[in-house]
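Nothing here was measured: the structure is a model prediction, and the numbers come from that model. Start at 1 and go down the list; that is how both ligands and their atoms are numbered.
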Amino acid sequence: MTCFDYQAFRQQFPLLQNQLNDQPLIYFDNAATTQKPRQVLDCYQSYYQEANANVHRASHQLSARATQLFEQARVKVQKFINARAVQEIIWTKGATESINLIAHSWGLSHLQPDDEIILSHAEHHANIVPWQLVAERTGAKIKVVTLDEEGRLNLTSLKAQLSSKTRIISVAHISNVLGRINPIEEVIALAKTVGAISIIDGAQAIAHMELDVQRLDCDFYLFSAHKMFGPTGVGVLYGKQTLLENMSPYQSGGEMIKTVSFSGTSFNTLPFKFEAGTPNIAGISAFGATIDFIQGHSRPLMADYEGLLLSSLLSGLDKIRGVELISKGTPDIPVVAFTISGHHNHDIAAALDSFGIAVRSGHHCAMPLMEYLNLDGCIRVSLAPYNSQEEVEHFIEVLNKVVAGYNDANPSNSLLVNNNASDVLITLFENTKGWDQRHREIMMLGKQLKRMPKELRNEQSLISGCESLAWLSSNKNDQLEYSFTADSDAKVIRGLLVIVLAAYNHKTAEQILAFDIHHYFDRLGLIQHLSPSRGNGLLAIVDKILAIARKASI
Ligand SMILES: Cc1ncc(COP(=O)(O)O)c(C=O)c1O
């Protein structure tokens, strides 16, 4: 039996040959976006070097070349998903825009007050918010289907929600958190029984399984190129021709018209009616190369290989104390979401990042799902065929270390009692090598911070702009020197709070305002390594202290 040659596959991805903070990069955030192979990068670049012109409109050769690449990519997509006609393939900038297009063009003109739109609890925000906006404008209602224990859409619940008022059923083929294939064949058949349209969000499915939209017989299917090794800013909306023909344009301008006059405008034929303005020609050409790339590999072999990685990952996680998978059983694609009891998911993700391992933590753009599962958030590991068994094993080893290392907290606030705490920290950080060591120091500092009394953790002390919950309160002594106390639900933020408090504690308002905090962060080597949201969180803490000092010095 031939097996999947992951090394040859991986070799084609230049970014994966790089190091991150002097360590090999382990990229386990593929459900967010995938890396791009050389073939796709080359096509992107060569488009600009050899074929750059606007499509469709000009009579010169360069435009003909650009148009050919652009339209060839459309035919490749048509064949890739087995659509009946090329007119059924509409270019968008991603899955999100595809859903917005349907919501506006179909939803606004077809929905009446009290009509019903059915979604599930596991939808990505992209398949919730457009419907909420359309429901607000039309008076339609949203109904939500529950999930079974394994995280699949519950057909009994769907049947119970169906009625003669159901006009739309819009669900994910695979949830970006639960990794389960939903029974979309049944969903599509049930939609037909009440005359509703079926919309399938294939953003996660498209990279992991073969698709035949004619066999599925759904009304709409949509996805983004960037989750299947293609460029960002390119998406596909597949829709049945009869439906698309009867829909009004989504955006308007050039390209989507036949004739324009102040006495009236007529619209272009499909698919151009939905493609106003100059499209992402380079991205779409490169998406054509992406489809060639995928078709150059055996999809069943890739899926088998992903299955092997997934079972190693699950058996490794099973041995780590406190790990709880958020749904029962084995996901259908290598997307695994879990929590670790006693640990904030951002702490775990930040610690893994310090070892060069990229995973995702938070709500994964599925806040209603988190609410449904009664979770603040979770950690998500999502794999692709360029990942390896060695990476999975290394990840499990590091995660074990991280979890074991955080269990010996002994909070004391001892550093913060010290008048020279900021100098102590500068010396400490100057002696660390690399971001991983610095990150460990931050986590250790987090442990030093005593929990703030519950009654002080309130609306007033809350620091807005922080990625995790964080609170700050202040006291002034007779010499008008401040002492700040702070807390957060994430250890990494607690560590950052210690760093900020070390700079500002035991200072008067004037001294606080005069202190050069950016120089201090620079000397600690902090800002450039913090994620934008966490970096902003650090600055939000500083802003809150400066506001207190400014108020006092007026
Ligand atoms: C299931 C699902 N739907 C929709 C989206 C939105 O995709 P995009 O941001 O590419 O528009 C995502 C992205 O993570 C997703 O996972």
**Student:** Please say whether more than 12 non-hydrogen atoms of neighbouring residues, nucleotides or ligands are located less than 6.0 Å from CZ in R360.
**Tutor:** no
**Student:** Kindly give the heavy-atom pair with the smallest separation between V492 and H439, and that separation in Å.
**Tutor:** CG2-NE2, 4.3 Å
**Student:** Should the pair K143-E116 be classified as a salt bridge under the 4.0 Å nitrogen-to-oxygen rule?
**Tutor:** yes
**Student:** Are D114 and K141 close enough for a salt bridge, meaning some N to O gap below 4.0 Å?
**Tutor:** yes
**Student:** List ligand 1's nitrogen or oxygen atoms that come under 3.5 Å of a protein nitrogen or oxygen, with the partner atom and distance.
**Tutor:**
{"from": "ligand 1", "atom 1": "3 (N)", "to": "D201", "atom 2": "OD1", "distance (Å)": "3.3"}
{"from": "ligand 1", "atom 1": "3 (N)", "to": "D201", "atom 2": "OD2", "distance (Å)": "2.6"}
{"from": "ligand 1", "atom 1": "10 (O)", "to": "S224", "atom 2": "OG", "distance (Å)": "2.7"}
{"from": "ligand 1", "atom 1": "10 (O)", "to": "H226", "atom 2": "NE2", "distance (Å)": "2.7"}
{"from": "ligand 1", "atom 1": "11 (O)", "to": "A95", "atom 2": "N", "distance (Å)": "3.4"}
{"from": "ligand 1", "atom 1": "11 (O)", "to": "T96", "atom 2": "N", "distance (Å)": "2.9"}
{"from": "ligand 1", "atom 1": "11 (O)", "to": "T96", "atom 2": "OG1", "distance (Å)": "2.5"}
{"from": "ligand 1", "atom 1": "14 (O)", "to": "H124", "atom 2": "NE2", "distance (Å)": "3.4"}
{"from": "ligand 1", "atom 1": "14 (O)", "to": "K227", "atom 2": "NZ", "distance (Å)": "2.6"}
{"from": "ligand 1", "atom 1": "16 (O)", "to": "Q204", "atom 2": "NE2", "distance (Å)": "2.7"}

**Student:** Would you say the side chain of H173 lies within less than 4.5 Å of the side chain of M209, judging by non-hydrogen atoms?
**Tutor:** yes
**Student:** What's the shortest heavy-atom distance between A351 and F355, and which atoms?
**Tutor:** O-CD1, 3.1 Å
